[in-house]
A.B. asks: 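Once you've had a glance at the structure underneath, I'll fire off some questions.
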Amino acid sequence: MHAYLADLLAARAPDLPPTLPGGARLSVAGEGLLLIEPAVPALDLFLSCGIHGNETAPVELVDRLLADLLDGRLGAGARLLLAFGNPPALRCGERYLDDDLNRLFGKPAEQTGEGPAAQRSRELERAATAFFAQSGSRPRLHYDLHTAIRGSAIEKFAIYPFPHEAPFDLVEIARLAACGIEAVLLQSKPSPTFSYFTRRHGGAHGFTLELGRARPFGDNGSVDLSALEAELRRLVTGELRRHQVAPPQLFTVSREIIKTSEDFRLHLADSVENFTALPQGSLLAEDGEQRWVVTEEDARIVFPNPKVKPGLRAGLVVVPVRH
């Protein structure tokens with residue numbers, strides 16, 4: 001853990017230089033928000049992590065990149081926004097303290113309320129919007145880095161937000177594969193996540209990356225993020241490669257399972273992993289009189305979580321893309 005992250009976790013004001021060794025300007029855009037601006041950037045790159053406070057592997061990765069930028073071991077050729085998303089939750093090692101931050105983006109205040117997470121979501125929205133508003137014609141990328149609550153049959157996967165009128169970008173999917181991403185979920189509707197927000201409101205290629213299982217700080221040695229780190233280092237220096245690699249597995253979201261009451265029951269073991277196969281015809285969940293039966297062929301479950309608040313997603317049923 002390096003000085004900036006140590007200061008953030010201790011709620012201390014960071015001691016940062018106004019310029020990096022290579023000459024890029026460095027400014028603080030808010031708590032856990034750092035803006036790095038070289039004189040002639042090749043692209044605009046937004047890296048967010050710690051949106052959930054117990055997801056530490058991405059935080060450690062971004063901390064390494066920042067330390068190397070500060071020490072001059074890594075040069076900034078991209079205009080760069082770094083966000084450590086949820087500092088209070090990071091300090092406690094909890095997923096969230098009042099509300100799930102990654103279910104609040106793009107929602108009006110009458111839906112989110114005025115709690116700390118809602119206020120932070122709006123602060124992050126403003127920072128991202130202001131960042132991409134200055135992009136001009138430069139390429140725009142946003143990687144929102146996460147780890148999952150539970151294990152996964154496919155360890156590293158990405159969620160590609162619904163692109164509306166644009167097609168899914170095969171060049172960016174290939175970049176995800178080069179990052180070590182083994183599967184990509186192609187979403188078919190809007191969502192209240194940070195990567196969807198930047199996709200829709202910032203014009204960025206935004207992705208949510210799930211990078212293994214959530215573990216405490218210092219306990220992330222078992223997940224191999226070397227391919228992702230290598231690509232992020234290239235992007236930070238301004239190198240935007242077109243990768244010729246085998247594509248990851250592609251899935252589409254068939255259904256969202258929305259918990260509507262405290263009567264909700266998910267008929268899966270607590271230990272079930274992401275991408276576990278669901279037998280066709282089996283009863284997946286119940287909520288009062290509502291029943292979810294698996295009708296899809298080759299269906300899998302992703303993000304099963306019966307403990308969410310009513311009104312939130314308790315799981316996704318996904319199916320492979322047929323080529």
Side-chain angles (χ1 to χ4, degrees), residues 16 18-20 22-51 58 61-62 65-66 69 74-85 102 105-106 120-146 158-176 178-179 181 184 187 190-209 228 231-243:
L16 294 169
T19 58
L20 298 180
R25 297 191 307 272
L26 171 63
S27 57
V28 176
E31 186 180 36
L33 289 164
L34 298 177
L35 178 62
I36 295 170
E37 298 178 287
V40 186
L43 68 140
D44 286 11
L45 175 63
F46 179 21
L47 299 178
S48 55
C49 60
I51 295 293
L61 170 55
V62 174
L65 297 177
L66 175 59
L69 284 162
L74 183 62
R79 183 166 167 264
L80 185 63
L81 179 63
L82 303 179
F84 296 85
N102 212 31
F105 291 103
R120 180 61 170 176
S121 72
R122 290 193 282 275
E123 182 181 14
L124 292 171
E125 288 173 359
R126 289 191 296 270
T129 301
F131 178 69
F132 287 120
Q134 301 298 317
S135 296
S137 60
R138 290 188 298 271
R140 309 174 190 191
L141 283 174
H142 174 209
Y143 287 157
D144 187 27
L145 308 176
H146 288 255
I159 297 92
Y160 196 143
F162 179 48
H164 289 271
E165 64 281 353
F168 292 107
D169 192 296
L170 297 181
V171 171
E172 294 306 327
I173 290 175
R175 190 183 316 284
L176 293 174
C179 289
I181 297 300
V184 178
Q187 291 197 308
S191 67
T193 63
F194 203 7
S195 61
Y196 173 79
F197 179 86
T198 56
R199 171 66 192 178
R200 187 60 173 163
H201 300 285
H205 290 293
F207 302 95
T208 302
L209 272 57
L228 172 62
E231 180 65 10
L232 292 183
R233 287 178 178 273
R234 286 189 287 265
L235 291 171
V236 166
T237 64
E239 182 183 347
L240 199 64
R241 288 187 182 181
R242 293 178 67 94
H243 292 278

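If you read the sequence from its start, that first residue is 1, and numbering goes on from there. Predicted model only: the values in this text are computed from it and were never measured.
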A.B. asks: Could you give all pairs that pass the salt bridge (charged side-chain N to carboxylate O under 4.0 Å, His left out) test and reach residues 192-202, with sequence neighbours left out?
C.D. replies: Glu165-Arg200

A.B. asks: Measuring from His146:NE2 to Leu209:CG, what's the distance to the nearest 0.5 Å?
C.D. replies: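 Those atoms lie 9.0 Å apart.
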
A.B. asks: Between Leu232 and Leu61, does the side-chain contact (heavy atoms from CB on, under 4.5 Å) criterion hold? Intermediate values first, please.
C.D. replies: CA-CA 10 Å; Leu232 292 183; Leu61 170 55; 3.9 Å; yes

A.B. asks: Holding to ring-ring contact (aromatic ring centres under 6.0 Å, His included), I want the full list of residues that pass it with His201, two or more places apart in sequence or in another chain.
C.D. replies: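 ring-ring contact (aromatic ring centres under 6.0 Å, His included) list for His201, sorted by chain: Phe197.
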
A.B. asks: For Leu176 versus Tyr143, what's the shortest heavy-atom pair and its separation?
C.D. replies: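 Taking every non-hydrogen atom into account, CD2-CE2, 4.1 Å.
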
A.B. asks: Does any part of the side chain of Val28, heavy atoms only, come nearer than 4.5 Å to the side chain of Leu34, both counted from C-beta?
C.D. replies: yes

A.B. asks: Applying side chain to side chain contact (heavy atoms under 4.5 Å, CB included), can you list everything that pairs with Arg241, at least two apart in sequence or on another chain?
C.D. replies: Arg234, Glu239, His243

A.B. asks: Do Arg175 and Glu172 meet the salt-bridge criterion of a basic N to acidic O distance under 4.0 Å?
C.D. replies: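 Salt bridge: yes.
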
A.B. asks: Side-chain atoms of residues 38-51: list all donor-acceptor pairs with protein atoms under 3.5 Å, sequence neighbours left out, distances to 0.1 Å.
C.D. replies:
{"residue": "Asp44", "atom": "OD1", "partner": "Arg138", "partner atom": "NE", "Å": "2.7"}
{"residue": "Asp44", "atom": "OD1", "partner": "Arg138", "partner atom": "NH2", "Å": "3.4"}
{"residue": "Asp44", "atom": "OD2", "partner": "Arg79", "partner atom": "NH1", "Å": "2.7"}
{"residue": "Asp44", "atom": "OD2", "partner": "Ser135", "partner atom": "OG", "Å": "2.6"}
{"residue": "Asp44", "atom": "OD2", "partner": "Arg138", "partner atom": "NH2", "Å": "3.4"}
{"residue": "Ser48", "atom": "OG", "partner": "His142", "partner atom": "NE2", "Å": "2.8"}
{"residue": "Ser48", "atom": "OG", "partner": "Asp144", "partner atom": "OD1", "Å": "2.6"}

A.B. asks: Would you check if Pro192 and Phe105 make a side-chain contact, meaning some heavy-atom pair closer than 4.5 Å?
C.D. replies: no

A.B. asks: List the residues meeting ring-ring contact (aromatic ring centres under 6.0 Å, His included) with Phe162, not counting sequence neighbours, and say none if there are none.
C.D. replies: His164

A.B. asks: Does any non-hydrogen side-chain atom of Leu141 lie less than 4.5 Å from one of Leu235?
C.D. replies: yes

A.B. asks: Calculate, to the nearest 0.5 Å, the distance between atoms CD1 and NE2 belonging to Ile173 and His205 respectively.
C.D. replies: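 Atom-to-atom, Ile173:CD1 and His205:NE2 are 10.5 Å apart.
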
A.B. asks: Please tell me if the side chains of Phe194 and Leu124 come closer than 4.5 Å, counting only heavy atoms from C-beta onward.
C.D. replies: yes

A.B. asks: Do you know which two heavy atoms are closest between Leu33 and Ala127, and how far apart they sit?
C.D. replies: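 For Leu33 and Ala127, the tightest heavy-atom pair comes out as CD1-CB, 4.0 Å.
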
A.B. asks: Any chance you could measure Leu69, atom CG, to Thr237, atom OG1, to the nearest 0.5 Å?
C.D. replies: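 Leu69 CG to Thr237 OG1: 10.0 Å, rounded to 0.5 Å.
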
A.B. asks: From Leu35 CG over to Leu82 CG, what is the distance, rounded to the nearest 0.5 angstrom?
C.D. replies: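 Answer rounded to 0.5 Å: 9.0 Å.
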
A.B. asks: Mind checking the CG-CG spacing from Leu65 to Leu80? Nearest 0.5 Å is all I need.
C.D. replies: 8.5 Å

A.B. asks: Check Arg120 with Glu123, please: is the shortest side-chain N to carboxylate O separation under 4.0 Å?
C.D. replies: yes

A.B. asks: Excluding sequence neighbours, so at least two apart, what forms side chain to side chain contact (heavy atoms under 4.5 Å, CB included) with Thr193?
C.D. replies: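 Checked Thr193 against side chain to side chain contact (heavy atoms under 4.5 Å, CB included); matches are Asn102, Arg103, Ser191, Ser195, Tyr196.
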
A.B. asks: Mind listing the closest non-hydrogen atom pair of Ala76 and Leu20 along with its distance?
C.D. replies: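 Minimum heavy-atom contact is CB-CD1, 4.4 Å.
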
A.B. asks: Could you give the distance from CG (Leu81) to CZ (Phe132), rounded to the nearest 0.5 Å?
C.D. replies: 7.5 Å

